[in-house]
Amino acid sequence: MGRFIARRILWMLVVLFAISVVTFALMRLVPGGPFNTERGIPEAVKRNLERRYNMDAPIVVQYLDYMGGLVIPRVTDPEWKQSQQEHYLINIETPFFGAGTALRWMNFGPSLNSPNRTVTSIIEDSLPISFELGAAALIIALMIGIPVGTIAALRQNTIVDYMSMAIAVTGVSIPSIVSAPLLKYIFAVQLKVLPPNGWGGIEYVILPAFALGFIQSALIARLTRASLLQVLREDYIRTARAKGLSERVVISIHALKNSLIPVVTVIGPLAAALLTGTFVVETIFGIPGLGRSFVASIGNRDYPLIMGTVLLFASFVVIGNLLVDIAYAALDPRIRYD
Amino acid sequence: MATQTQSSEANVIRLGERVQGESLLRSSMRRLLNNRMAVFGLIVIIGFILIALFADFIAPYDYAKQTLSAANSAPTWVTRVFPSMIPVGEERGFVKVNEDYAFGADHLGRDILSRLIYGSRVSLLVAIVGPIVALSVGLTLGLIAGYVGGRVDNFIMRVTDIMYAFPTLLFIILLMAFFRPSTGQLEPGTLAYSLNRFDASTGGMFFIFVGIGITSWTQMARLTRGQVLSVREQEYVVAARALGVKDRAIMLRHVLPNILGPIIVAETLTIPAYVSTEAFLSFIGLGVNPPMPSWGSMISEGASVISTYPNQAIFPAMFLFFFIFAFNFLGDGLRDALDPRMRGAEK
């Protein structure tokens, strides 16, 4: 198991490295940079700007500089001050190295589009919001999907089963780009029970989280049902019943636990899908999250912000997949670790 | 069959496949047509195809025609459906009533119904071309990886591993940004310039297909490779190889027809994903070029005024929903029909 995890982590680093190279190359090969405005700026000004942001160096040097700042942690002395160029996401005070020293990690660089902000500060502001939204959506997807799928499977071929599956089939056809405007219109504009825009208390989370999580809950319901039906036909379930266990014990201990294994595997792709959804949902509900910053940064060619958000999103997805793989291997003893 | 076996080896294989293929096809068709949900999906899709084909005749207006005096107007029935749209004349009324536009007009006075009708072309093209692109790239690489094996296989599979881990949507957004530099920054004569001109002539569809092709072949390649590996050691392939049939012929004539069923089913099930990807790209402004209407861009424009003119976002959202819904139904039905063992299983 240890070797399996180590190998997976190593592979994850390879993937993240590949993603960083591809992203950096794609960004820089695009004609037109962050300083190309409609009116145009004088050549000398542009050259100065490029010098300031180290964009006149060879592209490989720029890549190494950027990745170095991001990946290599450093210990700073008390005189160190946060600046445009140096603003770390993770700061841990380290009194044992001397008073005022700190271990700092993940410098995302300056934002080219908003000259007085760093990418790190943008991430600090918007990441928790997107994270909260995504987590709420994930909880909604699981809290609706698993019980509905379980009930449908246990009452197979009854009206309950047909109804829930009809709703689920409809549900998988409602991506957040459809559900977000519908939910916003019904609950915020027409019924006026929830706020239409913004971010703040719990009432702001409900609509966007449902818009994000709804299609996922339908997928999970279908998956849970199919998987539970399959498990219920297994020999060990018959054995459990034959030895006189109560139906409740058979279902909850023997059947449900095993039927949830496939559900665990989709949580990885699901997290990626939630991420996709955040771009749309954050725009429609006016939520100042990272998805919106990312979409804006693409239009503005704000290289460090694109790079930072892509790497951050990609890390979440890759780490999510890793955790799922480990959980899968741990849950299902039939899976070999090599 | 038994008497034909003696005629010639090549003949038998071809004949055998044909007879078996036909009966399989016929029984799957019967199963498909018995499935009410699938038939419903099929009818809706045929309806959309007709709408897209005859858009020029059905649409009451040109999709780009602006009538500023009619901007943000809506007919009476729309104001009844959406009670928040209070027509001018009533207390606090603000919506101009104009019966000329069946679904109302957008902020530039363009007919929403006509734009929805023309928008079906974009979604339909993506639903047809998207799978074809993914299928041809994925199938070719999967066949090669599975059949050739060894280093080639290893290389292709490592690439798919990395692509699989790369969040598809981030990648496609980056690709789109890469493909579509702001105009005027490309020099005429270069390849990038000609590609961009070509893309513009397709209304921005070309790069969407390229983006889908680049990001979505991996799943197909993996599936194909797995299928090839399981078929490769079957007796008929071994027999063909023993008879000295060329590799290419074995792949195309013996392996491919036998693995096509599950692959086509898997591809049908991904159509809704392609359609939502296009809608999503158009939503964030990286999809089709305006004024070409896409349901995604219409939702994006409508969503910003949803509290005043909900019809501008809700109608395209409903169209998109019905479209995806129909393909989901048909895909489920096809899967059940072509592979009864998979009934009730999930993607």
Side-chain angles (χ1 to χ4, degrees), chain A residues 11-12 14-16 18-19 22-23 26-27 29-32 36 38 169-170 172-182 184-185 188-190 196-197 219 222-223 225-227 229-230 262 266 272-273 275-277 279-280 283-284 294-295 298-299 301 306 309-310 313-314 316-318 321, chain B residues 37 82-84 161-162 164-171 173-182 184-187 192 272 275-277 279-280 283-286 295-296 299-300 302-304 306-308 310 313-314 316-318 320-329 332 344-347:
Chain A
W11 176 240
M12 184 183 92
V14 172
V15 166
L16 283 177
I19 291 176
V22 170
T23 311
L26 274 182
M27 260 172 11
L29 292 174
V30 188
N36 287 38
E38 298 255 329
V169 173
T170 317
V172 292
S173 310
I174 307 185
S176 46
I177 194 172
V178 171
S179 59
L182 281 177
K184 183 173 174 180
Y185 175 70
V189 178
Q190 201 54 53
N197 284 306
L219 282 169
R222 277 165 45 128
L223 187 62
R225 174 179 177 272
S227 154
L229 283 179
Q230 204 173 8
V266 297
L275 180 157
T276 318
F279 302 150
V280 172
T283 309
I284 290 186
F294 175 62
V295 173
I298 290 273
R301 300 255 185 276
I306 299 179
T309 37
V310 166
F313 278 138
F316 285 139
V317 174
V318 174
N321 281 332
Chain B
M37 309 254 269
F82 301 103
S84 68
D161 277 351
I162 291 182
Y164 181 73
F166 206 134
T168 316
L169 217 92
L170 287 181
F171 193 36
I173 290 175
L174 281 172
L175 278 176
M176 285 301 158
F178 172 63
F179 286 146
R180 293 180 205 284
S182 10
Q185 287 163 350
L186 287 174
E187 285 168 32
V275 175
S276 349
T277 302
F280 170 77
F283 181 92
I284 61 173
L286 289 169
W295 296 337
I299 294 175
S300 160
S304 54
I306 196 162
S307 35
T308 39
I314 302 290
M318 293 313 285
L320 186 60
F321 161 67
F322 272 114
F323 194 82
I324 295 177
F325 190 60
F327 272 103
N328 270 331
F329 268 21
D332 281 2
E346 292 306 316
K347 293 175 206 178

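So that the names make sense, note that chain A is the first sequence line, chain B the second, and so on, each numbered from 1.
To the nearest 0.5 angstrom, Ile173(B) atom CD1 is 12.5 Å from Leu26(A) atom CG. The CD1 atom of Ile284(A) lies 9.5 Å from the OG atom of Ser304(B); values are rounded to the nearest 0.5 Å.
Only the side chain of Phe294(A) comes within contact range of chain B, with heavy atoms under 4.5 Å apart. Neither the backbone nor the side chain of Leu16(A) comes within contact range of chain B; no heavy atom of the residue lies under 4.5 Å from a heavy atom of that chain. Within the 4.5 angstrom heavy-atom criterion, atoms from both the backbone and the side chain of Thr23(A) approach chain B. Heavy-atom distances place the side chain of Val295(A), and not its backbone, under 4.5 Å from chain B. When heavy atoms are compared at a cutoff of 4.5 Å, Thr170(A) approaches chain B by way of both its backbone and its side chain. For a residue to count as touching a neighbouring chain, one of its non-hydrogen atoms must lie under 4.5 Å from one of that chain's; by this rule Phe327(B) does not touch chain A. Using a 4.5 Å cut-off between heavy atoms, Ile299(B) contacts chain A through its side chain alone, with no backbone atom that close.
Remark: Ala188(A) pairs with Lys184(A), Pro196(A), Leu207(A) by the side-chain contact (heavy atoms from CB on, under 4.5 Å) rule, at least two apart or across chains. Every residue meeting the side-chain contact (heavy atoms from CB on, under 4.5 Å) condition with Ser173(A), not counting sequence neighbours, appears here in chain and number order: Phe321(B), Ile324(B), Phe325(B), Asn328(B).
Counting heavy atoms from C-beta on, the side chains of Phe82(B) and Tyr185(A) come closer than 4.5 Å. Side-chain contact between Val22(A) and Phe171(B) is present, with at least one heavy-atom pair separated by less than 4.5 Å. Between Val178(A) and Met318(B) the shortest side-chain heavy-atom distance does not fall below 4.5 Å. Looking at heavy atoms from C-beta onward, Ile284(B) lies out of side-chain contact with Thr283(A) at the 4.5 angstrom threshold. With a 4.5 Å cut-off on side-chain heavy atoms, Leu174(B) and Ile298(A) count as touching.
Nearest heavy atoms, Ser84(B) versus Gln190(A): N-OE1, 3.3 Å.
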